[in-house]
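Numbering of ligands and ligand atoms starts at 1, following listing order. Bear in mind that the values here come from a model prediction, so they are computed numbers and not experimental data. Start at 1 with the first residue, then count along the sequence.
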Amino acid sequence: MAEFEIKLSELEQGGKDFDLPLDPAWLDRALDLPDLHADPETKGRVRFYASLSGNDVVVNGRVKTAVIAPCARCLADTRIAVDTDLIGLFSRKSDARALPPELELTPEDLDRETYSGDTVSLDGLVREQIVLEVPMQVHCREDCPGLAVPEHVRGPATLTEGPVVDGKPIDPRLAPLLELSRGALSKGADATRASDAAPPEPSKKNKKRAI
Ligand SMILES: [Zn+2]
């Protein structure tokens, strides 16, 4: 039996409001994903209005719950609050099959769910809406620095702490460039001093050309 079920007979007299508990144990089983679990502390709710439109069942409501996923940077369990739309259109299975082939892939039909018999299960729709609310990259907090690197694999401080020039810290990755430019400057200064001390004699070749 489905967790969230509508009997068609309930809707025959008109639309009806539903307000159902979302049990974290059910959600955990329904999610069935290695990195996404229900928050056991959060008792969720599934509230919706359902009505019949011909043989179609129209559902409009909201899902409130919370799930737990690992932070992409530090792997800490991170709670993600979910408060999202629950909107669905369920067609009776035989009616859905009867759609002409050229209509099968319209966006409307892709959103269309099916039911058979005299009950509609919302379980798949509820699960889908919750999974869609989980970001691709979960972060425990915006500025999560990630896992701390143990000292013995961090390497020498020169790799992580840059030199300070004129009171401004330099990116450690650029430190070798700084060394290079300092070297080039001092060599250039040496060369200037040398040329001041002893201006080079014009070569014989140059003398000849001058004549
Ligand atoms: Zn984190």
Whether Trp26 and Phe4 hold their rings parallel, tilted or perpendicular, with breakpoints at 30° and 60°: perpendicular
Glu12, CD atom: more than 12 neighbouring heavy atoms under 6.0 Å: yes
Can you check the angle at the Zn ion (ligand 1) formed by SG of Cys74 and SG of Cys144? Round it to the nearest 10°. 110°
At the Zn ion (ligand 1), what is the angle formed between atom SG of Cys140 and atom SG of Cys71, rounded to the nearest 10°? 110°
Tell me whether Asp85 is salt-bridged to Arg62, with the criterion being a basic N under 4.0 Å from an acidic carboxylate O. yes
Steps toward side-chain contact (heavy atoms from CB on, under 4.5 Å) verdict (Phe90, Leu125): CA-CA 10 Å; Phe90 294 78; Leu125 184 65; 4.0 Å; yes
Would one find an N, O or S atom of His139, in either backbone or side chain, under 2.8 Å from the Zn ion (ligand 1)? no
